[in-house]
Amino acid sequence: MNNTDKLGTVIKSDVLVLGAGGAGMCAALKAKESNVDVLLIDKCGIGWNGQVPIGGGILAYVYPEYAKKWAENVTRQSNFFNNQDWTFAFGNYMHKSTMDLAAMGLTFLKNKGDINILNWGPNIYVTLFDAPKSLVALKKTAKARGVKMMDKIYAIDLLKNDGRVVGAVGLGLVDGKTYLFNAKAVIIATGNCGYMHEKTYSSVLGEGPAMGYRAGAQLVNAEFGSSYVWGIKTLGKELMGIHFYLYLENARGEKIMGKHYPELMVGKHSVYTFDPRVIDAMQKEVKAGLGPIYLNLMGLSDAEVAGLAEDRVEGLTQLMANDTMKLLREKAGINPSKERMEMWARYLYGGGGLRIDINGKTTLDGLYAAGSASSNSWSGGGGGQGGLGVQSAAVTGFVAGENAAKYAGENSRLDINVEQAKGMIDRVLNPMKHKGDVDAAEVAYRVHEAVVPMKYNRQREASRMKEALGIVQDARNKLSRVQPRDFHDLARYHSADSMVIAAEFTYSAALMREESRAGHFREDFPQRDDKNWFKWITIEQRDGAPLLATLPVPVENYRWKP
Amino acid sequence: MAIRNYDRKKCNGCGICVACCPMDVLRIDTAAKKAVIQYPKDCVACWGCESFCPQGCFDVSPERGRGELVSPY
Ligand SMILES: Cc1cc2nc3c(=O)[nH]c(=O)nc-3n(C[C@H](O)[C@H](O)[C@H](O)COP(=O)(O)OP(=O)(O)OC[C@H]3O[C@@H](n4cnc5c(N)ncnc54)[C@H](O)[C@@H]3O)c2cc1C
Ligand code: SF4
Ligand code: SF4
């Protein structure tokens, strides 16, 4: 037994993938095509884990001949603030990625044997896949191709040697073992930070960006991407369906959308659950003292309620809306046709992530990132196109997998540095020596008080954001009084710590950006300021503290110029 | 309590609920080949186990497990 073995169970591979969701699964499958040894781990059980199986099964699609125009549109919509190289590559990859996923076993909605490509709006296309079974199908292919997999391992820190990332530390949630993974290349695919708030987004809690940061990798765009949807308060869940907005009313029973957006009341419109206009109207009404906001479907028949969710693409949001109505009736004892329901704006998740280049590589050698744990600065979106979450997980996963495998093929293995590993494991296990009776969940709930309210995170303003940072600091103080008793508790502790870090980074970057742009709105700087702020904000650890810096958008090297 | 009811008799030990649970609430009792609710207080009521269990063993409450939801306003 050598010194490393004394620290924990050592497991070697060429490529190590942390997180087996949409991005991690695609990364592992693609890496394996280069015939390297691939190990994929997840804190849950692979096949049923992460956001994809419980998701809507919508996958964005772009026809290859339209890809260039698509990328140009996205670039113009984001006022040239995106990483055009990535946007262009992404647009071009979507067709291939969709076909690859089908070849890897994903079941798509088909029409006469071909994948049904559905028109969702002007030049907006999506495909639909069988979400609940999607990862089980991909797992089957991964297994057949020789990808190794481990379930119920919670990844928490990266191992380095000589400036290179050489592996990761994991906690065996079931077996209680400490694992030291040693690899030639590591891919972080554990997602961004959902803060355990919107409950169906609880699988991603920010560990990936946090561990990358601690290892010295750069994060980018932390101020963007915080998003709100609207949903039913009792269920704590968003409400899909494009015509429900017509039935939103204030405490006095006045229809609120017509008041603020009269144009939406004439003709037919599709207003999705993530449409910011609804959140705006709700917020204005509550601010004016006219809250709470209700959804009033009283007097409508079941068929009429179902009709409200009928989408341009048949079945798209209708199924989800019907599920919600079923939940209301069967679980909450609420009959939507008989009583009005209180509605809330619901915070989904914070943005940003590990900065990646066009090869999916982070700023550290040996470290790659994919999916929502990464940020390739193509913020600005695809003009309201649905299905971009899974598609960008797939594309960034394929890209990171391919390049991590290439790197692993070209570089020899570096051993784990025993001293560094020892320090790392001490850091990871140390909280178990804490004394106190605070539950890790209390820390998370305190963080919610800082990230959820729109007065802090949607209508941003310097003094209020400082107040929010004070709440986050209080949450951090609480952490020292959390005393984990086993690895389950320890994982909860580190998740709470990661949420604290995510919130700190979001507000630090949001305070720095003294302008308004995309989803980042500053009440005290309401205009876009291209003169001073045509740059991305990066965060990196320097002397033990976060250093925020700016990086001008390299638009002179790009295809399209303002 | 977020899991209102778990029907242990119906459980076939397939482990799907353990696999999907984002909060590590559930575990398998390997000897009895049954799911166990090991950390009930950490359930966030995401309905994962309820929707994926092939035997229909779970009834999860519509509300969140615990912790007051913070107002978004
Ligand atoms: C309810 C819902 C509906 C959605 N519907 C759609 C849709 O229809 N179309 C669409 O495009 N997008 C949709 N999305 C968004 C989409 O699912 C995500 O954008 C996408 O899955 C992100 O991929 P990912 O691989 O980065 O994260 P995930 O797929 O969530 O994977 C992250 C994985 O990492 C694991 N993990 C996390 N932390 C650790 C750790 N510390 N150690 C080990 N493993 C860890 C998790 O268990 C998880 O398996 C939806 C999301 C939700 C929640
Ligand atoms: S998914 Fe259902 S049947 Fe399978 S182990 Fe869990 S409770 Fe038992
Ligand atoms: S409802 Fe969700 S969090 Fe609760 S036990 Fe089931 S899968 Fe886990």
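Just so we're on the same page: letters track the sequence lines, and every chain starts at 1. Scope of the values below: all heavy atoms of this structure, side chains included, with no hydrogens, waters or symmetry mates.
Ring geometry, A:His488 versus B:Tyr39: the interplanar angle falls under 30°, so the pair is classed parallel (tilted spans 30 to 60°). The aromatic rings of A:Tyr195 and A:Tyr347 sit tilted, their planes meeting at an angle between 30° and 60°.
If you run side-chain contact (heavy atoms from CB on, under 4.5 Å) between A:Leu138 and each of A:Lys143, A:Met25, A:Lys133, only A:Met25 comes through. Screening A:Glu198, A:Gln51, A:His197 for a side chain to side chain donor-acceptor pair (under 3.5 Å) with A:Tyr349, the sole residue that qualifies is A:Gln51.
Contact of A:Val174 with chain B is made through backbone and side chain together, with heavy-atom distances under 4.5 Å. Interface remark: A:Arg492 contributes side-chain atoms only to the contact with chain B (heavy atom separation under 4.5 Å). With a 4.5 angstrom heavy-atom cutoff, B:Ser71 touches chain A via backbone and side-chain atoms both. Proximity to chain B (any heavy atom under 4.5 Å) is restricted, for A:Ile293, to the side chain, taken from C-beta onward. Only the side chain of A:Lys152 has a heavy atom closer than 4.5 Å to any heavy atom of chain B.
Between chain B and the residues A:Leu205, A:Leu327, A:Asp489, the largest count of heavy-atom pairs under 4.5 Å involves A:Leu327. Put simply, of A:Ile54, A:Val204, A:Val286, A:Asp42, the one with the most heavy-atom pairs under 4.5 Å next to chain B is A:Val286. Of all the listed residues (A:Ser203, A:Ala345, A:Gly50), the one sharing the greatest number of non-hydrogen pairs under 4.5 Å with chain B is A:Ala345.
A:Arg446 places a side-chain heavy atom less than 4.5 Å from the side chain of A:Ile471.
The pair B:Arg4-B:Asp59 counts as a salt bridge, with a side-chain nitrogen and a carboxylate oxygen less than 4.0 angstrom apart.
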